[in-house]
Number of protein chains: 2
Amino acid sequence: MVKDVRKIKTERDIQQALLTLLTQKTVRQITVADICQTSLTSRSTFYAHYIDKYDLLENMVAVHTTMFAQQVHVRFMQMIDGQIDELVQGLLADMADKRPAIQILFTIHEDHADLQANFRSLLLKEWQRFIAPYGDAMQVPADLMATMGTNVQMTVLEWTLAHGDVSNAAVADAIDTIRKAVLLQIQPATN
Amino acid sequence: MVKDVRKIKTERDIQQALLTLLTQKTVRQITVADICQTSLTSRSTFYAHYIDKYDLLENMVAVHTTMFAQQVHVRFMQMIDGQIDELVQGLLADMADKRPAIQILFTIHEDHADLQANFRSLLLKEWQRFIAPYGDAMQVPADLMATMGTNVQMTVLEWTLAHGDVSNAAVADAIDTIRKAVLLQIQPATN
DNA sequence: GACAAAGTGTTCGAAAACCAACGTTTAATT
DNA sequence: AATTAAACGTTGGTTTTCGAACACTTTGTC
């Protein structure tokens with residue numbers, strides 16, 4: 001079953017409209033009529049696709065979350081291995097044209113639509129899985145270091161989102177220093 | 001008679017698709033199937049709106065030409081009066097979101113679809129109308145100076161197109177110098 | 001509490017777009 | 001000159017979208 005192009009286009013227009021409106025108003029202030037007006041769709045069509053504006057928002061967040069989930073392991077390992085430049089380039093390639101959308105959605109924190117929280121949660125799981133083997137031997141609580149690592153990575157991610165393609169050696173160095181400090185707490189012997 | 005939104009959207013998508021394709025191929029290399037594929041419209045719909053790809057192109061050029069025709073006199077007078085900064089700002093305001101489209105169309109020179117030529121022709125008429133009263137008293141041929149002035153103005157226009165919002169004093173100065181030189185040929189007494 | 005105004009969600013006939021199929025034209029290949 | 005493939009332009013049945021109407025709820029005002 002292939003989707004009719006009209007459905008694809010309608011959803012594309014509606015989603016783009018919501019993103020545009022989110023740069024001007026809060027979710028609560030945006031009406032379905034607003035979305036339809038800026039997306040050039042009729043209200044009846046909107047309701048043929050989404051239950052309400054929150055359904056639309058949750059859908060968009062879910063799509064980006066799924067995408068990130070598929071790439072998170074590779075990016076995580078690059079961070080662990082200190083390949084900061086490759087990480088940044090990879091992140092940018094993954095996002096490509098979706099960057100503006102992700103950037104806007106990162107500012108939205110609704111109950112079941114919080115992209116930033118989802119990203120953080122996925123990264124935290126990676127850290128926990130990574131730390132687990134060392135857990136018992138560690139001086140510092142494993143959870144603390146997992147959270148710490150997650151925060152460093154979220155910082156890299158948000159910086160990349162905001163600044164785009166940059167080959168800034170100073171940034172890479174700074175991140176690498178923090179990375180080493182975190183890893184030192186986990187693997188005192190190595191590194 | 002108001003146009004159905006669907007017509008507006010379809011035409012918008014088709015036009016945008018052509019612009020995108022024009023950055024990759026020549027007009028001749030672009031097929032109707034190409035346009036339909038990147039605009040997510042069916043071929044039958046394309047033919048419901050346009051006779052062929054040249055009809056589409058001519059339509060787009062005509063729209064921008066009409067727009068420019070309505071603004072050309074104001075912009076022309078700003079040039080004459082040496083208000084270069086106001087001219088550049090005005091041009092940018094006129095073009096707004098159409099700038100990328102105009103930029104691409106400026107590179108296309110088909111028989112009945114040549115936006116650059118249309119702009120030049122409109123400006124030339126302004127210069128001829130402006131010079132006419134001085135014509136007999138002038139040392140230099142009126143036509144030559146009209147062409148000269150037109151070329152200077154086209155240069156400003158294309159520079160603005162390419163570089164966008166810039167408050168560059170050096171550029172404004174350079175243009176102003178040339179402007180004075182041209183006007184001096186027309187009005188030896190004044191200035 | 002009564003009222004108007006604005007937003008919500010649903011319904012249905014009309015209009016537009018889709019898409020697959022068709023025969024035709026054009027251009028390149030052998 | 002014959003053959004093939006690709007692009008052209010047209011057709012008709014199917015699906016989607018539109019737009020206007022409707023009742024209902026929420027919000028703010030007198």
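Note on naming: letters A, B, ... go to the chains in the order of the sequence lines (proteins, then strands), and numbering restarts at 1 for each one.
- Backbone-only contact: B/Leu40 has heavy atoms under 4.0 Å from sugar-phosphate atoms and none from a base.
- When distances are taken from the side chain of A/Asp52 to each of C/dG9, C/dC18, D/dC8, the shortest belongs to C/dG9.
- Within the structure, every side-chain polar atom (N or O) of A/Thr45 is placed at least 4.0 Å from both OP1 and OP2 of D/dT17.
- Comparing atom distances between the A/Tyr47 side chain and each of C/dA17, D/dC18, C/dG9 picks out C/dG9 as nearest.
- Taking the side chain to side chain donor-acceptor pair (under 3.5 Å) definition, one finds that A/Ser42 meets it with A/Ser44, A/Thr45, sequence neighbours left out.
- When heavy atoms are screened at a 4.0 angstrom cut-off, B/Thr10 is found touching the sugar-phosphate backbone but no base atom.
- Residue A/Arg43 places a side-chain atom within donor-acceptor reach of the base of C/dG9, judged by atom type and a 3.5 Å distance cut-off alone.
- Remark: A/His49 is in phosphate contact with D/dT17, judged by side-chain N or O atoms under 4.0 Å from OP1 or OP2.
- Residue contacts shown for A/Ser44 include a base, since a base heavy atom lies under 4.0 Å away.
- Ion pairing between a basic and an acidic side chain is recognised when a charged N comes within 4.0 Å of a carboxylate O; B/Asp13 and B/Lys9 show no such pairing.
- Proximity note for A/Lys9 (side chain, C-beta onward) versus C/dC18, C/dT8, D/dT16: the nearest is C/dC18.
- When distances are taken from the side chain of A/Arg6 to each of C/dT8, C/dA16, D/dG9, the shortest belongs to C/dA16.
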